[in-house]
Amino acid sequence: MKNLNILNLVCIAFLAGFISIQSTFAAGPLTNNAETLNKIISEKIIVPQDEFKKCCEGTADVIFVVDEQGKIDVKKVLSNDGVFAERVKEQFSKIDCKEVRFPYNQHFRIKLTVTLI
């Protein structure tokens, strides 16, 4: 009986320790990734000069995830102009985010506006 009580106490202590260790992983979420991702995208989106000459303007909502290799996987592009949406999707697929770690399967949404000034 005494051995059973000690075994129960050890199991409870082990379980409590395991839970406390696991809870520390969630205590520090990746908070600066959205800001870092916004910076990476704004630096790496390139609008070619010939597009400016064609007056390529538009607004698009881009919904995407970043995979394990740091590549952007565009899930959906919402825009009134289909050609503009395809060009935005093409530009996003070229962006490389290997230097930043992202949570698995986290969806991001960015509103992108290109306007001639």
Side-chain angles (χ1 to χ4, degrees):
M1 187 72 161
K2 186 176 181 181
N3 289 336
L4 188 60
N5 287 340
I6 292 174
L7 183 61
N8 284 341
L9 183 63
V10 169
C11 288
I12 291 171
F14 176 75
L15 184 62
F18 180 75
I19 290 171
S20 68
I21 290 172
Q22 293 299 327
S23 66
T24 59
F25 292 127
L30 303 171
T31 55
N32 66 349
N33 281 343
E35 294 146 6
T36 306
L37 182 63
N38 190 19
K39 181 180 175 191
I40 290 170
I41 289 173
S42 64
E43 290 174 354
K44 295 187 179 182
I45 289 277
I46 300 169
V47 180
Q49 290 296 329
D50 61 334
E51 298 299 323
F52 279 120
K53 293 175 186 172
K54 294 178 188 174
C55 296
C56 181
E57 295 182 314
T59 301
D61 283 331
V62 184
I63 300 170
F64 61 94
V65 296
V66 180
D67 65 12
E68 292 88 15
Q69 288 80 28
K71 295 302 234 174
I72 291 180
D73 180 20
V74 178
K75 298 295 184 185
K76 187 184 283 189
V77 179
L78 304 171
S79 177
N80 292 337
D81 184 2
V83 175
F84 182 73
E86 285 301 316
R87 290 188 176 136
V88 167
K89 188 173 184 176
E90 178 183 317
Q91 284 289 320
F92 269 74
S93 65
K94 293 178 184 177
I95 296 175
D96 185 18
C97 304
K98 287 182 183 174
E99 61 268 8
V100 183
R101 198 179 100 227
F102 294 98
Y104 177 73
N105 207 24
Q106 179 177 354
H107 285 67
F108 295 94
R109 181 177 181 176
I110 291 182
K111 185 173 202 115
L112 179 70
T113 304
V114 176
T115 307
L116 290 177
I117 299 175

d(Phe64 CZ, Cys97 SG) to nearest 0.5 Å is 7.5 Å
Problem set entry | Residue pair Val62, Phe108: steps toward the side-chain contact (heavy atoms from CB on, under 4.5 Å) verdict | CA-CA 8 Å; Val62 184; Phe108 295 94; over 6 Å; no
Do the charged groups of Asp73 and Lys71 touch, with an N to O distance under 4.0 Å?
-> no
Here the gap from Lys75 atom NZ to Arg109 atom CZ, rounded to the nearest 0.5 Å, amounts to 16.0 Å
Rounded to the nearest 0.5 angstrom, the NZ-NZ distance for Lys89 and Lys76 is 11.5 Å
Ile110 and Ile41: CA distance, side-chain angles, deciding distance, side-chain contact (heavy atoms from CB on, under 4.5 Å) verdict
CA-CA 10 Å; Ile110 291 182; Ile41 289 173; 3.3 Å; yes
Treating Ser79 as the side-chain partner and Thr59 as the backbone partner, does any N or O pair qualify as donor plus acceptor under 3.5 Å?
yes
Correct closest heavy-atom pair for Asp96 and Lys44 would be O-NZ, 2.9 Å
ILVMFWY network linking Val65 to Ile40, side-chain heavy atoms under 4.5 angstrom = no
Output for pair (Ser42 OG, Lys39 NZ), nearest 0.5 Å, gives 8.5 Å
Scanning both residues in full, the closest heavy-atom pair of Ile72 with Phe92 reads CB-O, 3.5 Å
